[in-house]
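Remarks on the structure that follows.
For the numbers below, each heavy atom of this structure counts, side chains included, while hydrogens, waters and symmetry mates do not. Order of the sequence lines sets the chain letters (A, B, ...), proteins ahead of strands, with each chain counted from 1. Values in this document were obtained by computation on a predicted structure and should not be read as measured data.
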Amino acid sequence: AQSVTQPDIHITVSEGASLELRCNYSYGATPYLFWYVQSPGQGLQLLLKYFSGDTLVQGIKGFEAEFKRSQSSFNLRKPSVHWSDAAEYFCAVGATGGGNKLTFGTGTQLKVEL
Amino acid sequence: EPEVTQTPSHQVTQMGQEVILRCVPISNHLYFYWYRQILGQKVEFLVSFYNNEISEKSEIFDDQFSVERPDGSNFTLKIRSTKLEDSAMYFCASIKMGRENEQFFGPGTRLTVL
């Protein structure tokens, strides 16, 4: 069964500092990997996704993530955090093949100090 | 840009009552999903729906739950007899064929069972 671990429940960074949110997945084949962001009271917005090809993927709002098969990781990074990035971030894994469910991690709550 | 919509945004009901949560997926999408998120917890898969039938469901999706696509545009989740533990945010999502697993999420319906 597929699973996702986000080891950091809360992270606090200063505005302008770099950010890395960790995500480890478990899946028997090549996974589809996603990062979603959720602002308070809002739905889930897709930041970026990895299906295949280049292991460094670029997303919206200046985020990027790197797929490392050897470490079963898909960490999210941003070189300079803005106060508006404060939100909850969810990593998710989807089975290869159409129509399959996403399995989410428990999320990382990001706080940005001004 | 097309988006998934959900109504109502907030539903309050008494324990034992039936509720119907409504979603309008993006018009050319073919797979539909319901997920739920209990306050402070991760997003959990409930059910996927394709070609007018359930393609996969989780253990959470018991006989109290049902889904329907009654008119070719709406996608509904019915809970027959709500329990306190059904209180959660319910998200609808949909996929466009050819973009497997890139799920677009609606803003959610917050269900409160009293």
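A:P31 places none of its side-chain heavy atoms less than 4.5 Å from the side chain of A:Y50.
Heavy atoms closer than 4.5 Å to chain B are found in both the backbone and the side chain of A:L44. For chain A, the nearby part of B:Y35 is the side chain; its heavy atoms alone come within less than 4.5 Å. For B:Q6, no part lies near chain A; criterion is any non-hydrogen pair under 4.5 Å. Proximity to chain B is absent for every atom of A:Q109, based on heavy atoms less than 4.5 angstrom apart.
Per-residue counts of heavy-atom pairs under 4.5 Å with chain A were compared for B:K42, B:Q41, B:E44, B:M89; the largest is that of B:K42.
A:Y36 has its ring centre less than 6.0 Å from the ring centre of B:F105.
Between B:E18 and B:R80 there is no salt bridge, since none of the side-chain N atoms of the basic residue sits less than 4.0 Å from a carboxylate O of the acidic one.
B:S87 and B:T112 are not linked by any side-chain donor-acceptor pair at a separation below 3.5 angstrom, with hydrogens and angles left out of the test.
Taking both residues in full, the closest heavy atoms of A:G59 and A:L48 are given as CA-CB, 3.7 Å, listed atom of the first, atom of the second, then distance.
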